[in-house]
Amino acid sequence: MAIKTIWLVRSGLAVSMGAVALCLASLPLRQSSAATTAGLHPGPMSRAEAFARAETLTALGRNIFSDASLSASGLQACASCHDPAHAFGPASATPVEIGGQHMDRPGLRAVPTLRYLQAVPAFTEHYYDSEDEGDESVDNGPTGGLTWDGRVDHGADQAKIPLLSPFEMGNKDAAEVVAKLQKAAYAGDIEAAFGATVFDNPDDAFDAAAEALATFEQSGPDFYPYSSRYDAFLAGKATLTAQELHGRQLFEDPAKGNCSSCHLSEPANDGEPPQFSDFGFLGLAAPRNMAIPANSDPNYHDLGLCGPQRTDFAGRSDYCGLFRTPTLRNVALKKSFFHNGYFHSLRDVVSFYATRDSDPGRWYPKNSDGTVRRYDDLPQAYWDNLNQDPPFGRKSGDAPALTDLEIDDIVAFLGTLTDADLQSDAIGH
């Protein structure tokens, strides 16, 4: 899954190869230096033209990303929930964000970070490791996609979701978004990048805005800088404390934290920095979060891969309760964890992993007879889908896989994954 991270620095502006790839995708390169910069499908481009177009679309996407006027309320931009100062995740600790035309519609899931999505592969039900990264005969099952349930593969498609979601930016259709784009101060930039007639067809203009957002979200310095202290440590340019080193050991130990079995912590064989996710899907049984209004309905369950937001796997009982593994980069900045934002402390998250099965009464509510209502947000019909690899799989009353001090050490290690531009914002645990 490794993707090269290369930057071209020109006049102080860094543009990622990921952004250029969006402009070069499926287009033959030519040697001519004649400009071909306009239109949704600009035709063959030289490499220099592709870099120039990526710069243009990155700047345009940055403006769109921060424009609250594009929402039905006029109060919510992409950046409102994906705050650049919080690794393009939410600044608040609320489990879901509020949006909609009147800013009174609660969401259904916690807002994920947009950083380090450049390496997420397209969704597949059967992911096989590449030849250079592992045994390609091993089927790792459902993998990839850009959302909690992996229902879209491309940045442009992901960018359209909040613009049209009734509980996010709340526009009723593409035409409503485009009408707002035409009034924006950067409307002329959209025409310059995509052609003077781009607004003649609302679908074209909507696609143009989504492409600009996707290009911006492939900007290396903004979205995948790989500038954490752990990255510097891997490069031999920094040291970790004894506690952090021990935390790393526990993180990788298959009999202890076993975190790295899903949150890959070693560089790829080609030297690419670790993504801290294998982008697979797991059932973890986070406790039901009654702070999410939708959960007041006892018949409502967010089952991830099998619905309700994703519909193509409805009825696939073997997929119910599975959610995509997020990256742990910048995890120390988060204020809500898991798809439902139930936890608000990184230490509690690690403790949950260590004691979910050995001490379920610590996390799950009790029935009237005093028994623990374990896995209370997942119907029992799907309990076979739950991950039972260490540190899970213990019996109630067993010793936990991790001691309190070991949990502290893992949390300390996770604190080394904060990017350099965000380290002053890192929260305590």
Side-chain angles (χ1 to χ4, degrees), residues 1-9 13-26 50-51 53-62 64-65 78-79 82-84 86-89 111-124 127 129-130 132-133 143-148 150-162 210-228 230-231 234 262-280 324-331 333 417-422:
M1 294 179 217
I3 290 183
K4 295 294 183 184
T5 306
I6 308 171
W7 296 283
L8 173 71
V9 180
L13 178 63
V15 180
S16 76
M17 286 299 292
V20 175
L22 289 176
C23 298
L24 286 173
S26 303
F51 271 90
R53 184 168 176 79
E55 290 182 9
T56 296
L57 296 189
T58 295
L60 177 58
R62 191 185 302 275
I64 295 173
F65 192 85
C78 302
H82 297 285
D83 186 343
H86 288 81
F88 290 92
V111 175
T113 178
L114 294 182
R115 269 200 175 176
Y116 297 101
L117 294 184
Q118 86 292 343
V120 182
F123 177 82
T124 177
Y127 181 82
D129 285 330
S130 63
D132 62 337
E133 299 299 337
T143 301
L146 296 177
T147 56
W148 279 111
R151 67 188 184 276
V152 296
D153 292 330
H154 306 293
D157 294 327
Q158 184 276 326
K160 293 177 181 180
I161 293 175
E211 182 183 344
L213 284 168
T215 306
F216 167 56
E217 291 172 15
Q218 286 288 324
S219 165
D222 292 290
F223 289 92
Y224 48 105
Y226 294 109
S227 61
S228 72
Y230 185 64
D231 291 304
L234 292 177
C262 296
H263 298 283
L264 309 181
S265 56
E266 293 291 340
N269 290 346
D270 62 2
E272 181 72 8
Q275 303 302 323
F276 280 90
S277 175
D278 64 358
F279 310 117
R324 186 171 66 72
T325 302
T327 180
L328 293 186
R329 287 180 172 274
N330 297 303
V331 70
L333 296 178
L417 306 183
T418 304
D419 286 322
D421 61 313
L422 305 172

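Below, all heavy atoms of this structure are taken into account, side chains as well, without hydrogens, waters or symmetry copies.
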Heavy-atom check, side chain of [X] versus side chain of [Y], under 4.5 Å:
X	Y	answer
Arg115	Asn330	yes
Tyr116	Pro225	yes
Glu217	Cys78	no
Arg329	Pro274	yes
Leu114	Phe216	no
Thr143	Pro121	yes
Tyr230	Pro273	no
His82	Val111	yes

Please check if the side chain of Tyr224 supplies one atom and the backbone of Leu117 the other of a donor-acceptor pair under 3.5 Å.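 Looks like no, no N/O pair under 3.5 Å.
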Where the side chain of Asp270 meets the backbone of Glu272, is there a donor-acceptor pair that is under 3.5 Å apart?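 Confirmed, Asp270 side chain pairs with Glu272 backbone.
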Between [X] and [Y], which heavy-atom pair has the shortest distance, and what is it?
X	Y	answer
Ser219	Asp222	OG-OD2, 2.8 Å
Ser277	Pro326	CB-O, 3.7 Å
Ala87	Leu333	CB-CD1, 4.2 Å

Roughly how far, to the nearest 0.5 Å, is [atom2] of [Y] from [atom1] of [X]?
X	Y	atom1	atom2	answer
Leu60	Glu55	CG	CD	13.5 Å
Ser228	Leu417	OG	CG	5.5 Å
Leu328	Thr113	CG	OG1	11.5 Å
Ser265	Leu234	OG	CG	8.5 Å
Ile64	Leu213	CD1	CG	5.0 Å

List the residues meeting side chain to side chain donor-acceptor pair (under 3.5 Å) with [X], not counting sequence neighbours, and say none if there are none.
X	value
Thr325	none
Arg324	none
Thr327	none

Qualifying residues under side-chain contact (heavy atoms from CB on, under 4.5 Å), relative to Asp83, sequence neighbours excluded: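 side-chain contact (heavy atoms from CB on, under 4.5 Å) check on Asp83 returns Ala85, His86, Ala91.
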Got a sec, which residues hit ring-ring contact (aromatic ring centres under 6.0 Å, His included) with Phe88, two or more places apart in sequence or on another chain?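 ring-ring contact (aromatic ring centres under 6.0 Å, His included) list for Phe88, sorted by chain: Phe65, Phe223.
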Under 3.5 Å, which donor-acceptor pairs link side chains of residues 150-159 to any protein atom two or more places apart or in another chain?
unit_1: Arg151; atom_1: NH1; unit_2: Asp149; atom_2: OD1; d: 2.9
unit_1: Arg151; atom_1: NH1; unit_2: Asp149; atom_2: OD2; d: 3.0
unit_1: Arg151; atom_1: NH2; unit_2: Gln309; atom_2: OE1; d: 3.4
unit_1: Asp153; atom_1: OD1; unit_2: Phe123; atom_2: N; d: 2.7

